[in-house]
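Within every chain, numbering begins at 1; the chains are lettered A, B, ... in the order of the sequence lines, protein sequences first and strands thereafter. Keep in mind that the numbers below use all heavy atoms, side chains included, and drop hydrogens, waters and symmetry copies.
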2 protein chains.
Amino acid sequence: MQDDMQSGFNARQSAAKRANAPERIRRGGPAAAKNPERLERGVLQNHLGYFVRRLQVWVFKDFIHTLASIGLRPAQYSVLVIIEANPGRSQAAIGRSLNIERARLTRLLHQLERRNWIARRPATANSRSHALFLTGEGKKMMPRIKALAAQHEARLAEFVGASRHRQLLGLLSNFG
Amino acid sequence: MQDDMQSGFNARQSAAKRANAPERIRRGGPAAAKNPERLERGVLQNHLGYFVRRLQVWVFKDFIHTLASIGLRPAQYSVLVIIEANPGRSQAAIGRSLNIERARLTRLLHQLERRNWIARRPATANSRSHALFLTGEGKKMMPRIKALAAQHEARLAEFVGASRHRQLLGLLSNFG
DNA sequence: TATTGTTATACTCTATAACTATA
DNA sequence: TATAGTTATAGAGTATAACAATA
């Protein structure tokens, strides 16, 4: 889990590579030694996780790049979206829903609170927990944030192909 | 990009949750307020990256757990597989192929070298680069490593469903 | 006792920059 | 000047543990 499956493919690099490599050897079994650019993938070819990781790395890089003007990262984005869709819920509920560690969520919420996009209020039912809300400023930001996220999604659809994008979303969203 | 899209779903948690939750409300529009366990996902529902990230986190957790007896992580695994399939290639070539940073690959290879699974030899053509090989010990380990990785892959197929696993692998492996 | 939120720590990964030695 | 490899650093993310307040 260090880099390979991690690093996956980089938007710029893979684009550049495709553009530069003028269809060299491509086919011909273990031609690795003959083609300095294309290595054999071996059994990685059979690992769904390998491809998922590569795609996920591309997605994060593009997302971060696309929302760089706002300085919002994927996890922060997902927390804002969940709070917007479920105002008043506790940190514990948000964390469970997004599979974010309590400790990590605490720090993440501090960041969003410092930017005055979310607020914690004492919960009525359980005085141990905090109810989470978007602030007025946070609500005002959401359209701009969502527009950029949609821009990223469009780029992703272009990257994988519209049909593949649709199929992947269908396969992944309707389970679990 | 911090936790949410990151954390995705956890093998143990999601399994436990599915087992524990006796089909509560499930349907009924924005039922968030009524069901303490199921929050609305909002526009995350439209983000392929959200689901890809969740699956990727599950994959890494299961992979790491499955290979814990060997103490091999995904990126290390992918490097071993690529070196085995392409013996004698340089760090630069391996790194480009797997999208691993030079600096990161250096440290990763040190770890594998310390375990005596790979060896660097001076390259013949270019004395700046190192040619990478599996050692005898490394070669002897590969069957055991691959068997565990295959075990992980089987668990992944079970997790997403055999049909979905096949479709995802087909969609993701034949592009880029 | 268990849960909620917080703080702290150690480790991994990521992204750079700087450096050397070769080309 | 560019490439191959190394070292170092700062910033995220992950996984724990420990703690206070509340249930």
Undergrad: Mind calculating the distance between CZ (B:Phe60) and P (D:dG13) to the nearest angstrom?
TA: 15 Å

Undergrad: Starting from C1' on C:dT12, measure out to CZ on B:Phe63 and report it in whole angstrom.
TA: 16 Å

Undergrad: In whole angstrom, what separates B:Ile64's CD1 from D:dT16's P?
TA: 11 Å

Undergrad: For B:Ile100 and D:dA4, what is the distance between atoms CD1 and P respectively, to the nearest whole Å?
TA: 16 Å

Undergrad: Please confirm whether the shortest side-chain N or O distance from B:Arg104 to OP1 or OP2 of D:dT7 is below 4.0 Å.
TA: no

Undergrad: Could one point to a donor on the side chain of A:Arg128 or the base of D:dT22 with an acceptor on the other under 3.5 Å away?
TA: yes

Undergrad: With side-chain contact (heavy atoms from CB on, under 4.5 Å) as the test, pick out the partner of B:Val59 among B:His152, B:Arg54, B:Glu153.
TA: B:His152

Undergrad: Among the clusters formed by ILVMFWY side chains lying less than 4.5 Å apart, do B:Leu98 and B:Phe133 turn up in the same one?
TA: no

Undergrad: Any idea which heavy atoms bring A:Asn46 and B:Leu169 closest together, and the distance?
TA: O-CD2, 3.7 Å

Undergrad: Distance check needed: C:dA15 P versus B:Asn99 CG, whole Å only.
TA: 10 Å

Undergrad: Check the phosphate of C:dT4 against A:Arg96, side-chain N and O only, distance under 4.0 Å to OP1 or OP2. Yes or no?
TA: yes

Undergrad: Please tell me if the side chains of A:Arg73 and A:Phe60 come closer than 4.5 Å, counting only heavy atoms from C-beta onward.
TA: no

Undergrad: Any carboxylate oxygen within less than 4.0 angstrom of a Lys/Arg side-chain nitrogen, looking at B:Glu84 and B:Lys146?
TA: yes

Undergrad: Within the pair A:Gln91 and C:dT6, is there a side-chain N or O less than 4.0 Å away from OP1 or OP2?
TA: yes

Undergrad: What nucleic acid atoms does B:Ala123 come within less than 4.0 Å of, heavy atoms only: base, sugar-phosphate, or nothing?
TA: nothing

Undergrad: At under 4.0 Å, does any side-chain N or O of B:Ser129 touch on OP1 or OP2 of D:dA4?
TA: no

Undergrad: Roughly how many Å is it from CD in B:Glu101 to C1' in D:dT7, rounded to a whole number?
TA: 14 Å

Undergrad: Could you give the NE2-to-P distance, from B:His130 to C:dA21, as a whole number of Å?
TA: 12 Å

Undergrad: Check whether any side-chain nitrogen or oxygen of B:Ser127 sits under 4.0 Å from OP1 or OP2 of C:dA23, and answer yes or no.
TA: yes

Undergrad: Which listed nucleotide (D:dA8, D:dG5, C:dT7) is nearest to the side chain of B:Ser90?
TA: D:dG5

Undergrad: Between A:Arg102 and A:Asn126, which has a closest nucleotide on DNA chain D that is more 5'?
TA: A:Arg102

Undergrad: Expressed in angstrom and rounded to an integer, what is the separation of A:Arg107 atom CZ from D:dA12 atom C1'?
TA: 10 Å

